[in-house]
Amino acid sequence: MKVLVTGGTGYIGSHVCVELIQAGHDVVVIDDFSNSKPEVLDYIKELTGKEVKFYEFNVLDKEKTEKVFQENELDSIIHCAAFKAVGESMKKPIEYYTNNLMSTLVIADLMKKYGVNNIVFSSSATVYGDPEIVPLTENCKLGETTNPYGSTKAMMERILTDVQRAVPTMSVTLLRYFNPIGAHESGLLGEDPKGIPNNLMPYIMKVATRELECLGVFGDDYDTPDGTGVRDYIHVVDLAKGHVLAIEKYATPGVHICNLGTGKGYSVLDIVKAFQQVNGVEIPYVIKERRPGDIATCYADPTRAKEELGWVAEKGIEEMCRDSWNFAKKHMK
Ligand code: UFG
């Protein structure tokens, strides 16, 4: 298949490109490098022996995006391009709504115009809000989102669902990611956020390289075994493999919703301990106040992914910690 990956040089997108190429697909990428680097394209080539067809601009530029649809006979889209920092989204809601919603509308409109029938959308467990029960199945109620970033994900899901209803030949797949961490085992691809990281693993990586002094653990009085927040961490390569299966197996018309998580929850301190143990690096930490908007526990029921996609997360917490550190040592100093 010929697959357009928007945001294809980003953290998730770059791993998706590698897995797509390795599964025999042709890959076209649009990215404006707003949160990634051009070297990623070289790394994808190094890992796969193949080049992606690359276009540098923001998908919001409809004329340029339309040219990509004209120049390539696309079979599927994997739509990863979006702003994704929770904290930043509170300060820049207009930018978040404009970028994330408008780019989705541009893609949906061009899919309709050019008869491209399949889209896989990078959604997030954030759409479930504060869960009433865990593990979360796809049938769980959608919850209140607590920040503009999360709201854009919920709205993008809604937009694509409505578009599918209006264009019944379309296949819309909403992949709800839990907490992607880790990096490609080569150490070439991974997550290298600009500035002070918002997310746990990038922060731990920067403490491990000694760029940052100490991890702040946001609250130790949650109703969890050790009082710190529990999440379902998933290796980014497993996540990427889920996308390849999704474009191959969810090609039938309809809206397909699928969680991508491991089904296991780890606390913040579990992750700190695992990282220290696997990598032999000390991670100093202090307990801080709870972070506004955080929830106690969130993990997936991954049964549907297994039944419908034949997908099961293969990499455990040790590999996630090892690969994150391997990437950090090479790229984050
Ligand atoms: N945490 C810390 N210290 C930090 C950063 C995080 O203790 O410096 C804790 C958080 O309080 C939470 C856990 O580590 O308990 C995970 O936090 P992350 O910020 O890594 O991830 P979140 O679960 O808050 O959010 C992530 C993504 C969102 C996505 C959401 C879906 O960042 O994009 O998962 O559940 F929407």
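For ligands, and for the atoms within them, numbers begin at 1 and follow the listed sequence.
Contact annotation: the side chain of Lys241 approaches that of Val237 to within less than 4.5 Å [non-hydrogen atoms, C-beta and beyond]. Counting heavy atoms from C-beta on, the side chains of Asn72 and Leu4 never come closer than 4.5 Å. The shortest distance between side-chain heavy atoms of Lys141 and Glu132 falls below 4.5 Å. With a 4.5 Å cut-off on side-chain heavy atoms, His79 and Ser103 count as touching.
Classified by interplanar angle (parallel below 30°, tilted 30° to 60°, perpendicular above 60°), the ring pair Tyr11/His15 is perpendicular.
Counting heavy atoms only, Arg231 comes closest to atom 23 (O) of ligand 1 of the residues Lys206, Arg231, Lys288.
Protein heavy atom at the shortest distance from atom 1 (N) of ligand 1 is Phe218 CD1, 3.6 Å. In this structure, atom 25 (O) of ligand 1 lies nearest to the protein heavy atom Asn179 ND2, 4.1 Å. What sits closest to atom 18 (P) of ligand 1 on the protein, heavy atoms only, is Asn199 ND2, 3.5 Å. Given atom 24 (O) of ligand 1, the protein heavy atom at minimum distance is Arg291 NH2, 2.9 Å. Remark: minimum distance from atom 10 (C) of ligand 1 to any protein heavy atom is reached at Asp294 OD2, 3.4 Å. For atom 30 (C) of ligand 1, the nearest non-hydrogen atom of the protein is Ser124 OG, 4.0 Å.
Contact between Tyr233 and ligand 1 is present, with at least one heavy atom of the residue lying under 4.0 Å from the ligand. The shell of residues lying under 4.0 angstrom from ligand 1, judged by heavy atoms, includes Tyr149. For the ligand labelled ligand 1, residue Gly216 lies inside the 4.0 Å heavy-atom shell.
Contact check on Lys330 versus Glu39 returns no salt bridge, with no Lys/Arg side-chain nitrogen under 4.0 Å from an Asp/Glu carboxylate oxygen. The residues Arg165 and Asp162 are annotated as salt-bridged, a charged nitrogen and a carboxylate oxygen being separated by less than 4.0 angstrom.
A continuous path of Ile, Leu, Val, Met, Phe, Trp and Tyr side chains, each step under 4.5 Å between heavy atoms, connects Ile196 with Val207, placing both in one hydrophobic cluster.
Taking a 6.0 Å sphere around CD1 of Ile287, one finds it holds more than 12 heavy atoms contributed by other residues, nucleotides or ligands.
Residue Tyr177 has no nitrogen or oxygen atom sitting less than 3.5 Å from a nitrogen or oxygen atom of ligand 1, judged on distance alone. An N or O contact shorter than 3.5 Å links Leu200 to ligand 1 by distance.
Residue Gly229 has at least one heavy-atom neighbour below 4.0 Å for each of these atoms of ligand 1: 15 (O). Close approach of ligand 1 to Val217 (heavy-atom distance below 4.0 Å) involves ligand atoms 7 (O). Close approach of ligand 1 to Asn198 is summarised as follows: ligand atoms under 4.0 Å from at least one heavy atom of the residue are 5 (C), 19 (O).
Residue Val268 touches ligand 1 through its side chain alone, judged by heavy-atom distances below 4.0 Å. With a heavy-atom cut-off of 4.0 Å, Thr126 touches ligand 1 through backbone and side chain alike. If you look at Leu215 next to ligand 1, the close heavy atoms, those under 4.0 Å, all belong to the side chain.
With values rounded to the nearest 0.5 angstrom, Ser171 atom OG is found 3.5 Å from His256 atom NE2.
Ring centers of Tyr203 and Tyr285: at least 6.0 Å apart, outside the cut-off.
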